[in-house]
Structures are given as C-alpha cells and as structure tokens.
Amino acid sequence: MYQQKIYNLFKEAGAIMEGHYLYTSGKHGSHYIQCAQVLKSPYYTEILVKELTKKLTGEYDLVIGPAVGGITLSYEIAKHYNVFGLFTEREDGVMKLRRGFEIPKGAKVLVVEDVVTTGGSVKEVIDVVEDAGGEVKDIAVLVDRCKDIKKSKLSDYKDKYHALLKLDLEAYEPDDCPLCEKYGRPIKPGSR
Ligand SMILES: O=P(O)(O)OC[C@H]1O[C@H](OP(=O)(O)OP(=O)(O)O)[C@H](O)[C@@H]1O
Ligand SMILES: O=C(O)c1cc(=O)[nH]c(=O)[nH]1
C-alpha cells in the first residue's frame, strides 16, 4: 500500500515515462523514471525527503550524491539534517569531488541518489568518500530498479542501503531488446 502511494506520487508528477530508453548501464528498457520531474517540485520533494529520512536512523556529518540526479536530493536531505550537501561529478569519465568540496577524515557520510539501476554511480561516489577518509554510514535512494541489491555493485553495502520505491522493471542487452524492432533507436534521457 505504502509502495503504491509513493508510486502514485511519481506518476502524478509525470516522472514515470514509457517508451524505449537507453540506460546509463547501456541496457535498454520500456520505462524511465525521470526523478527531475518530482525534484522540480518543492511540494513532492518535501514529501519524499520526509518519507526517505524516516528509514534512516543515523547521524551524519554530510550528505553527498552524484551529479546530476543526486544534486537536488543531496541538498534537500542535507537541509533536513542541517549539514552540508555536496555532490560529485565526472571529469573525463572519472567521478570526482570538485568545486572546493571537501570530506573531512572520519566524517560520517550519507550517500544519496535518485535512481539506482546497477549501483555503479553510487559505488563511484562511495569510492570518492572512502578515498577521502570518510565513512559511509548509509545509502538512501528514491527509486531502486536493481533486481537484487546483493547482486549489484552495492552488494558490500546492502545493510546500509535504503530505498523509498522498489520497481521491478526489465532492462535488456541491446542485442536482445524487443523494443528496438518496434521503436528504432532508444531515447537517452540521462547525461551519459
Ligand atoms: O545505478 P546506475 O546504473 O549507475 O544508474 C543510475 C544512474 O543513472 C542516472 O544518471 P546518469 O549518469 O544517466 O546521468 P544524470 O543523473 O547526470 O542524468 C541516474 O541519475 C543514476 O545516477
Ligand atoms: O539506469 C538509468 O540510467 C536510469 C533509469 C531510470 O529509470 N531513470 C534514471 O534516471 N536512470
């Protein structure tokens, strides 16, 4: 019931897109969760942050997420905890901390993300945090599309992983994609 309510909110916000999409992982699929459609709305964002933070019990020194999808969420969750909200970004394909952002050694960090599919982007953020000497206390995501966190790139962090909405959506290897024949080239809504 709770999951249905959250799903309805995403639907109402126009964030559940149907068509033929190319994901960050290189796979194709029929649905794209465009979190920017919910995060553009202070009204929806406040509800989502309230619900997501209910799942978290830790105390954090800072919040961090990957650009672009994690920027607004990082800021809004940081506001909830009254700490800094940072973001990482890719430079020549490598996830980095830029813009003078710093992670103090020993800082208790909450990593946030809009959508997790393979967990690759979140893992890159975790590596940045740990390389700087920070400690990842929790990972909080709005939408979990990965079928099994234990088989994802976040398997080592499964006990720290909290998702608001879990969606079981197919993703196909390009060569096996049944949508290509029908729709032609997929649309790539993400920045990669
Ligand atoms: O779990 P993963 O397989 O890493 O996929 C999820 C990532 O893909 C999307 O970002 P993307 O890098 O496409 O770009 P954007 O946020 O900059 O649009 C999304 O915002 C996640 O960051
Ligand atoms: O895997 C992705 O790239 C992805 C899927 C999705 O539904 N939404 C999104 O923002 N990214």
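Just so you know, these numbers use all the heavy atoms, side chains as well, and skip hydrogens, waters and symmetry mates. Every number for a ligand or one of its atoms is a count from 1 in the order of the listing. This one's a predicted model, so the numbers in the text were calculated from it and none came from an experiment.
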Peer 1: After noting the C-alpha distance and the side-chain angles of E124 and K153, does the key distance pass the salt bridge (Lys or Arg N to Asp or Glu O under 4.0 Å) rule?
Peer 2: CA-CA 10 Å; E124 288 174 66; K153 291 177 180 166; over 6 Å; no

Peer 1: Under 4.0 Å from a heavy atom of V116: give me the atoms of ligand 1 that qualify, with their elements.
Peer 2: 1 (O)

Peer 1: So if I count the atoms of ligand 1 from 1 in the order they appear, which ones are less than 4.0 Å from some heavy atom of D114?
Peer 2: 19 (C), 20 (O), 21 (C)

Peer 1: Using a strict cut-off of 4.0 Å, indicate which atoms of ligand 1 neighbour a heavy atom of A67.
Peer 2: 17 (O)

Peer 1: Near T24, which atoms of ligand 1 are under 4.0 Å from a heavy atom of that residue?
Peer 2: 7 (C), 8 (O), 9 (C), 10 (O), 11 (P), 12 (O), 13 (O)

Peer 1: Quick one: does T24 get an N or O within less than 3.5 Å of an N or O on ligand 2?
Peer 2: yes

Peer 1: Just which atoms of ligand 1 are under 4.0 Å from any heavy atom in V115?
Peer 2: 6 (C), 7 (C), 19 (C), 21 (C)

Peer 1: Can a donor-acceptor pair be found between the side chains of E51 and Y2 at a distance below 3.5 Å?
Peer 2: yes

Peer 1: Mark up the atoms of ligand 2 that fall under 4.0 Å of a heavy atom belonging to T117, in ascending order.
Peer 2: 1 (O), 2 (C), 4 (C), 5 (C)

Peer 1: Would you mind listing which atoms of ligand 1 come within a distance below 4.0 Å of any non-hydrogen atom of G69?
Peer 2: 16 (O)

Peer 1: Can you check whether Y32 has an N/O within less than 3.5 Å of an N/O in ligand 1?
Peer 2: no

Peer 1: Side chain, backbone, both or neither: which applies to Q34 and ligand 2 if a contact is any heavy-atom pair less than 4.0 Å apart?
Peer 2: neither

Peer 1: With R145 as the cation and Y23 as the aromatic partner, state whether NZ or CZ is under 6.0 Å from the six-membered ring centre and within 45° of the axis.
Peer 2: yes

Peer 1: With a cut-off of 4.0 Å, which atoms of ligand 1 are near a heavy atom of T118?
Peer 2: 1 (O), 2 (P), 3 (O), 4 (O)

Peer 1: Report the part of V115 in contact with ligand 2, treating N, CA, C, O as backbone and CB onward as side chain, heavy atoms under 4.0 Å; options are side chain, backbone, both, neither.
Peer 2: side chain

